[in-house]
**Student:** 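Before anything else, here's the structure in question.
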Amino acid sequence: MLEKILTEENFSALDELLERYKGVPGPLMPLLQGAQDIFGAIPEEVQSYIAEKANIPLAEIYGVVTFYSQFRMVPRGDHVISVCLGTACYVKGSQNIMDKISQAMGIGIGETSSDGKFTLVGTRCIGACGLAPIVTVNDDVYGKVKESEILKILEKYK
Amino acid sequence: MDQKHSVLEMDYIRKQERIALKNCGLIDPERIEEYIRYDGYQALAKAILQLGPEGVIEEVEASGLRGRGGAGFPTGRKWRSGYLAKGNEKFIICNADEGDPGAFMDRSILEGDPHSVIEAMTIAAFAIGATKGFIYVRAEYPIAVKRLQIAIDQAHEMGFLGSDIFGSGFGFDIELRLGAGAFVCGEAKALIASIEGKRGMPTPKPPRTNDKGLWSKPTILNNVETFANIPPIIRNGAGWYAAIGSEKSKGTKVFALGGKINRTGLVEIPIGTPLREVIFDIGGGIPGGKKFKAVQTGGPSGGCIPTEHLDVKIDYESLQDIGSMMGSGGMIVMDEDNCMVDIARFFLEFSVEESCGKCTPCREGTKKMLGILEKITSGEGVMSDLDDLERLGQIIKDTSLCGLGKTAPNPVLSTLKYFRDEYEAHVKDKTCPAGVCKALLQYTITDKCIGCGICKTVCPVSCITGNKKEKHVIDPSACIRCGACQEACPVDAIIKR
Amino acid sequence: MTGGLAVKSFEELMALKERIGREEATDEIKIMVGMATCGISAGAKPVMKALMAFVEEQGLKQVKVKQTGCIGICRLEPMFEIFEPGGERTTYVDMTPEKAVEVLEAHLLHHHVIEKYTIGAYD
């Protein structure tokens, strides 16, 4: 999996990013966000590359990567299913939807299916509470989802 | 009778007072011309060309505006301390890291009227003498990010940002910074650490950010909705704004109405409006003829307000007095089908996950509380657990380092106060009155059963028995309470209780 | 880019505001489509496309289709509002591309409001 993302092309995109943030105060967050956009994750190899080029201790970078929930060190599956677990969705039963998907796919929250196709995540509020409960698959948003419909929705992505 | 055709005729909008949201839904947020057409950037012109820094601060002080991020600190006083702080470089930060799961008023303002925030930040910068500003916005809001960037670029082109604004020699610039999913970054000092490229952890106060903020320079930090109120205040005058609201809290507050309510959405109301009016007159009450049980305000930092307090007039102090808080504006309504113990557990789980881990009371204490709650919802609680929850909660409130820890026990403490009977039902009777806590549920088949056998086929653990055309039975010891049988039953013969 | 375009005084700003107002034709009909996160999640993009295509096909030059933020009624998204020169404002809710075309045909071509799609019918 890692060989697929640690390509020369990706590293040269990273070089461009590093160049852009040279001299900018407090560059680490945008650097890591950019790196994750490029590689799809921030594995150790990428962290040490940034550490060396931007002259920031690796320990500090690792500390930041592991602190924020948005950063990940392992790439996600082809399709990311995210169930909103914000308050409005929760009181409208999104936990049951999450359980149903988890059971049907045999993966827990934050896990990726063994064929690398699906990653299941729980998100915090995406700010569309009027449509609760909400499930998104990649960029597609499904609002007012019923527990009985969810597996049919996911069928499309198989 | 004529039917109503326009949104303006509906109670939902008529009963609101839209100041922060005034342009949302009216203008194209990606065109600065439309903002200008609706009086945009006049406040900035007035601030720079007429009022001067002192005049701006006096106006904001006199307006009575208080921070809309939740704590309610007087905005004018904050700006004055930024103005008085000594330093050759000062910063303005807009906190757009809307973290309360169930609140989206800031997103709506950023997406619908981004220039109002940019204009306000520039006014603030002029008042305190800052030259650089940051908007720290949630990465989960890509549309807001895009529209903000467009707005910043347009403001540059028209000379409302950049050097020599309105020919005054005053210069100011704004940069966007994205959050990375850490609720604690709503806390000023944690947010600043994050912009600096560190783990978003708070540090003890003092020093306050007004004196030592971003890169240890004087920094004024306000939330999106607070900023959105500034241009109308400067344009129309402090007196106009101070005439709206309650005695101690002026102006309006935007709430995100959600959960078990007919008209979910955003509402902006004068502060001091009774809670009942918001939920029943504006929000249209509870759907499906269900009974109102509680309304949660303040998100993970707030509490649940029961029926007996529905007539409370919404403001910072009154909500605090009844164990909740104004918060950023999430307002989630719950009906008889919501279990208050489960809701308390939900919020606490959130706080446990989001605790940055720096101070012990918050890191360890909230985890202990969650453990007790999980024990209770799985039917293993004892009565002394309730006292332990109260004691732990009080200690965490008193000793945590930042606002996250200081308020994290509120959802538990407020539900313990108002819904103690529900906790006791879980502990003593081992039942969940609302039918939510799975471990305490029992599915039973009633006499309505026609013996079709569908439930038997869908049951994943084969715990249903019965002959064709005879009433079926569920074996509670084998049942995993998945609810598949209930969903499948064609005659609604299966109930859970 | 600054310099040439930059607004330097209150008078210049007010003059600009007036000029923007004048640029709007007096018979202009504005259609504002709710395109905030909630609107887009509910399907506002195809609705907006359908509106634009209709206006283009019919050659309705005085009609402008624009995006706007969220008016706060997330539950009835996607929605759009038609603003007419006389000050009439009609709010159509719970739209689909098909319904949107139906609305424009009736409302713009035949001056007929489809009651059942307006907010009054829903609330």
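Chain letters run A, B, ... following the sequence lines, proteins first, then strands; residues in each count from 1. Computed from a prediction, not measured in an experiment: that's the story for all the values here.
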**Student:** Is Ile40(C) close to chain B through its backbone or its side chain, or both, or neither, when contacts mean heavy atoms under 4.5 Å?
**Tutor:** side chain
**Student:** Can you say whether Met35(C) sits under 4.5 Å from chain B via the side chain, the backbone, both, or neither, judging by heavy atoms?
**Tutor:**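 For Met35(C), the contact with chain B is made by backbone and side chain together.
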**Student:** Does the ring of Tyr12(B) carry Arg75(C) above it, NZ/CZ under 6.0 angstrom from centre and within 45° of its axis?
**Tutor:**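 Because its charged atom sits under 6.0 Å from the ring centre and within 45° of the axis, Arg75(C) does stack over Tyr12(B).
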**Student:** Under a 4.5 Å heavy-atom cut-off, does chain B meet the side chain of Glu81(C), its backbone, both or neither?
**Tutor:** side chain
**Student:** Can you check whether Thr118(C) reaches Lys4(B) side chain to side chain, under 4.5 Å on heavy atoms?
**Tutor:**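 Not touching, per the 4.5 Å side-chain cut-off.
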**Student:** What verdict does the side-chain contact (heavy atoms from CB on, under 4.5 Å) test give for Ser6(B) and Thr91(C), after you've listed the backbone C-alpha separation in whole Å, the side-chain angles of each residue and the deciding distance to 0.1 Å?
**Tutor:** CA-CA 5 Å; Ser6(B) 145; Thr91(C) 313; 4.2 Å; yes
**Student:** Looking at every heavy atom in both Arg37(B) and Glu24(C), which two are closest together, and how far apart are they?
**Tutor:**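 Answer, listing the atom of Arg37(B) first, then Glu24(C): NH1-OE2, 3.2 Å.
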**Student:** More than 12 foreign heavy atoms under 6.0 Å from NZ of Lys45(C): is that the case here?
**Tutor:**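 Check fails, neighbour count at 12 or below.
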**Student:** Does any part of the side chain of Leu76(C), heavy atoms only, come nearer than 4.5 Å to the side chain of Arg263(B), both counted from C-beta?
**Tutor:**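 No. Closest side-chain heavy atoms not under 4.5 Å.
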**Student:** Can you list the steps and then say if Ile20(C) with Tyr35(B) is a side-chain contact (heavy atoms from CB on, under 4.5 Å)?
**Tutor:** CA-CA 10 Å; Ile20(C) 294 165; Tyr35(B) 183 67; over 6 Å; no
**Student:** So what's closer than 4.5 Å to chain C heavy atoms on Arg107(B): side chain, backbone, both or neither?
**Tutor:**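 When you check distances to chain C, only side chain atoms of Arg107(B) fall under 4.5 Å.
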**Student:** Under 4.5 Å, counting heavy-atom pairs only, tell me which of Ile73(C), Ile82(C), Leu13(C) racks up the most with chain B.
**Tutor:**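 Option with the top pair count is Leu13(C).
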**Student:** For the interface with chain C, which of Glu268(B), Glu111(B), Arg18(B) has the highest count of heavy-atom pairs at distances below 4.5 Å?
**Tutor:** Glu111(B)
**Student:** Could you pull out the closest heavy-atom pair between Leu49(B) and Phe10(C), with the gap in Å?
**Tutor:**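 Smallest interatomic distance, heavy atoms only, reads CD1-N, 3.6 Å.
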**Student:** Quick one: CD on Glu9(B) to CD1 on Ile119(C), what's the gap to the nearest 0.5 Å?
**Tutor:** 9.5 Å
**Student:** Sort by residue number and list every member of residues 55-71 of chain C having a non-hydrogen atom under 4.5 Å from chain B.
**Tutor:**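 Contacts with chain B: Lys66(C), Gln67(C), Thr68(C), Gly69(C), Cys70(C), Ile71(C).
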**Student:** As an exercise: rank Pro29(B), Ala256(B), Ala45(B) by heavy-atom pairs under 4.5 Å with chain C and give me the winner.
**Tutor:** Pro29(B)
**Student:** In residues 164-173 of chain B, which residues are in contact with chain C at a heavy-atom separation under 4.5 Å?
**Tutor:** Asp164(B), Phe166(B), Gly167(B)
**Student:** Highest number of heavy-atom pairs under 4.5 Å with chain B: which of Val33(C), Val113(C), Thr37(C), Val93(C)?
**Tutor:**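 That would be Thr37(C).
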**Student:** Can you measure from CG (Leu16(C)) to CD1 (Ile36(B)) and round to the nearest 0.5 angstrom?
**Tutor:** 4.5 Å
**Student:** Run the numbers on His5(B) and Glu88(C) for side chain to side chain donor-acceptor pair (under 3.5 Å), then give the verdict.
**Tutor:** CA-CA 9 Å; His5(B) 295 154; Glu88(C) 295 101 336; over 6 Å; no
**Student:** Chain C: which of Gln16(B), Glu33(B), Met105(B), Arg31(B) shares the most heavy-atom pairs with it under 4.5 Å?
**Tutor:** Glu33(B)
**Student:** So which part of Tyr141(B) gets closer than 4.5 Å to some heavy atom of chain C, the side chain, the backbone, both or neither?
**Tutor:** neither
**Student:** Mind listing the closest non-hydrogen atom pair of Phe83(C) and Leu26(B) along with its distance?
**Tutor:**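 Between these two residues, the closest heavy atoms are CZ-CD2, 3.8 Å.
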**Student:** Which atoms of Leu8(B) are under 4.5 Å from chain C, going by heavy atoms: the side chain, the backbone, both sets, or neither?
**Tutor:** side chain
**Student:** Find out whether Val7(C) and Phe160(B) are in side-chain contact, i.e. whether some heavy atom of one side chain is under 4.5 Å from a heavy atom of the other.
**Tutor:**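 Yes, their side chains come closer than 4.5 Å.
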**Student:** Determine the minimum heavy-atom distance between Met32(C) and Asp28(B), stating which atoms define it.
**Tutor:** CE-N, 3.9 Å
**Student:** Answer with side chain, backbone, both or neither: which region of Ile143(B) has an atom nearer than 4.5 Å to a non-hydrogen atom of chain C?
**Tutor:** side chain
**Student:** Considering only heavy atoms, which portion of Glu34(B) lies under 4.5 Å from any heavy atom of chain C: side chain, backbone, both, or neither?
**Tutor:** side chain
